[in-house]
Amino acid sequence: MDKRHATKLIKLVIDILLGLLYVLLLGYAFTGGQFHEVAGIIFAVVALLHNISNIGWFKALKTGTYNAKRKTVLALNLVLIADITALLVTGIIHSRYLFHMGIRTAWIGQLHTVLALIGFVLIFSHVLVHVFSHTRRKYRRLPVVLIVSASVFAVVMKMWMLPYLERHFVTVEIDRDAVISGESVNLDGRRIVTVYFTRVGNTDFEDDVDAVSGASLLLDGNGELMGNSQMLALMIQDAVGGDIISINTKERYPSSYSDTVSAASEELKRQELPRLIDMPEELDEYDTVFLVYPLWWYTIPKPVEAFLNSYDFSEKTVIPIVTHGGSGVGKSVEDIKAICNGTIMTDPLEIYCGDIPYCRESVTEWLKEMSI
């Protein structure tokens, strides 16, 4: 094999590897956070090799005439390079394992997802440019059709397919003790209670619900269901001590996740607070309340509102901790401040639902950094 053919073969291998890695990266919901970050770094290295192997293209930028086609290809390639660079930067900022910068802003993760889907369309277009560069005239419009189709597919992936797959087909099994246990944090003698609301304990789940656990449910080592907010609340209690209270409703929520979403919407429309059961008569013995809840319709669930209306928080500090599917804290903190007469911490901890089983160290660091 001569040098020219060897070079072409190496380029082909690099390109195929890039494509496979990108597909794996888009499957974050199935591969998990640690694999995603490692694969992301490998992808960045292979992308760099791809550009090095095509150094001739960069050298030729200053030569020749720029017609409409060449300008379009140049724009496409430059936007693709910018997108991949932005993907790497946002991925590093949002890292939970390899870099762990401690930045917990939800919009960074959302931006990373959007950039990934834009990258999907750009890579698809980049490949088509090469494939159809010498096609017959009657096929010239085919790339445009395929690019539009890829764009629509990317939007559908972002808006429906990925959330649906994550919520309904990803079973998350955890080692409860390993996930909860971690470093203790001393909060200077504060009298602490951790209060949480989750679907587990407030829902009569069907027998086969373990097959569709995901965004709001976890399976511990014994095959028992645990809620994300429940798991996070147990992490808080393990770190700072104190008591723990579960918010329980008299009326049960539906087993189906989508039905629960609809039920929560109806609660908001009616503006009726559910009846709570098995709750303490008072909270006078505590001065600090960690309030852990999922974001429902961009705000606190109605059972959490019912809890806040049931007690006097005037001499207490309430610290919101939010689990979410990509919307951050929403307007939940503002709504808590409007309901609750205590001191409300306005810089809460927010954790993406898929990161709950892996966030114990992040929780510890946040507890150390917060000032109350």
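FYI, the numbering just counts along the sequence from 1.
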To the nearest 0.5 Å, how far apart are CD in Glu350 and CG in Asp355?
11.0 Å
Considering non-hydrogen atoms only, spot the tightest contact between Val46 and Leu17 and give its length.
CG2-CD2, 3.7 Å
Do any N or O atoms from the side chain of Asn54 and from the backbone of Trp57 form a donor-acceptor pair under 3.5 angstrom?
no
Arg360 side chain vs Glu183 backbone, donor-acceptor pair below 3.5 Å:
yes
Could you tell me whether Glu281 atom CD has more than 12 heavy atoms of other residues or ligands within 6.0 Å of it?
no
If you round to the nearest 0.5 Å, how far is OH of Tyr311 from OH of Tyr286?
10.0 Å
Do Glu334 and Lys337 meet the salt-bridge criterion of a basic N to acidic O distance under 4.0 Å?
no
Lys302 bridged to Glu305 by N-O distance under 4.0 Å
yes
Rounding to 0.5 Å, atoms CG (Asp238) and CE (Met235) come to a distance of 9.5 Å
Rounded distance [0.5 Å steps], CG in Leu78 versus CG in Asp83
12.5 Å
Side chains of Leu122 and Leu76, heavy atoms from C-beta outward: is any pair under 4.5 Å?
yes
Can you name the nearest heavy-atom pair linking Ser265 to Trp297, along with the distance?
N-NE1, 3.3 Å
With rounding to the nearest 0.5 angstrom, report the CZ to CG distance, Arg191 to Leu283.
11.0 Å
One pair to check against ring-ring contact (aromatic ring centres under 6.0 Å, His included): Phe43 and Tyr22. What are the steps and the verdict?
CA-CA 7 Å; Phe43 177 85; Tyr22 205 83; 5.5 Å; yes
Is Trp366 close to Ile321 at the side-chain level, that is, under 4.5 Å between some pair of heavy atoms?
yes
Looking only at side chains, do Asp204 and Tyr253 share a donor and an acceptor under 3.5 Å apart?
no
Side-chain donor-acceptor pair under 3.5 Å between Tyr293 and Thr323, yes or no?
no
Between Asn202 and Thr249, is there a side-chain donor-acceptor contact under 3.5 Å, judged purely by atom types and distance?
yes
Could you grab the distance from atom CD of Gln230 to atom OG of Ser246, nearest 0.5 Å is fine?
7.0 Å
Nearest heavy-atom pair of Val200 and Met226: which atoms, and what distance?
CG2-C, 3.6 Å
Could you check whether any side-chain heavy atom of Tyr196 comes within less than 4.5 Å of a side-chain heavy atom of Leu232, counting everything from C-beta outward?
no
A quick test of your reading: do over 12 heavy atoms of other residues, nucleotides or ligands sit less than 6.0 Å from CZ of Arg252?
yes
